[in-house]
> 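Sending over a structure as structure tokens; questions will come in a sec.
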Amino acid sequence: MTWRHVLLLSCLSAMVLLSSERQKIFMQESDASNFLKRLSKRSPKSRGEVNVENTQKLRVDELRREYYEEQRNEFENFVEEQKDEQEERDREAVEQWRQWHYDGLFPSYLYNRHHI
């Protein structure tokens with residue numbers, strides 16, 4: 001029987017505390033509407049809000065610029081590597097052609113042909 005009394009007493013005390021604290025927690029309706037009117041979309045932003053938004057925009061722009069610069073550098077490096085590889089393949093092909101067609105003369109006989 002005592003645990004029921006303790007439970008009942010704690011529930012009653014909680015209800016009393018909540019009913020007395022309700023005035024402190026919730027705003028009056030007029031105060032709430034004034035608060036919402038002050039923060040409506042048409043109200044001007046404070047200097048601090050504008051500064052925070054501008055710094056956030058600048059940071060995002062800087063991050064975007066860094067990202068695209070990094071992407072561009074990676075692409076330029078890739079293109080340069082591809083070009084170097086192609087030049088190496090071309091040089092090797094020309095060298096193989098010269099070795100295959102070399103006739104012991106310098107410069108090669110093929111380059112000294114006289115066309116009649």
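Any value given below was found using the heavy atoms of this structure, including those in side chains, with hydrogens, waters and symmetry copies removed.
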> When you compare the side chains of Arg59 and Gln56, does any donor N or O come within less than 3.5 Å of an acceptor on the partner?
no

> Is it the case that more than 12 heavy atoms not belonging to Arg89 sit under 6.0 Å from its CZ atom?
yes

> Can you tell me which residue pairs pass the side chain to side chain donor-acceptor pair (under 3.5 Å) test with a partner in residues 76-85, sequence neighbours excluded?
none

> In sequence, state the C-alpha distance, the side-chain angles, and the governing distance for Gln99 and Glu95, and then conclude on side-chain contact (heavy atoms from CB on, under 4.5 Å).
CA-CA 6 Å; Gln99 287 176 357; Glu95 186 65 29; 3.6 Å; yes

> Strictly below 4.0 Å, N to O, side chains only: are Glu62 and Arg65 in salt-bridge contact?
no

> Would you give the length of the straight line joining atom CD of Glu74 to atom CD of Glu70, rounded to the nearest 0.5 angstrom?
5.0 Å

> What's the separation between atom CG in Asp61 and atom CG in Asn54, rounded to the nearest 0.5 Å?
10.5 Å

> When rounded to the nearest 0.5 angstrom, what is the spacing between CD in Glu69 and CD in Gln71?
11.5 Å

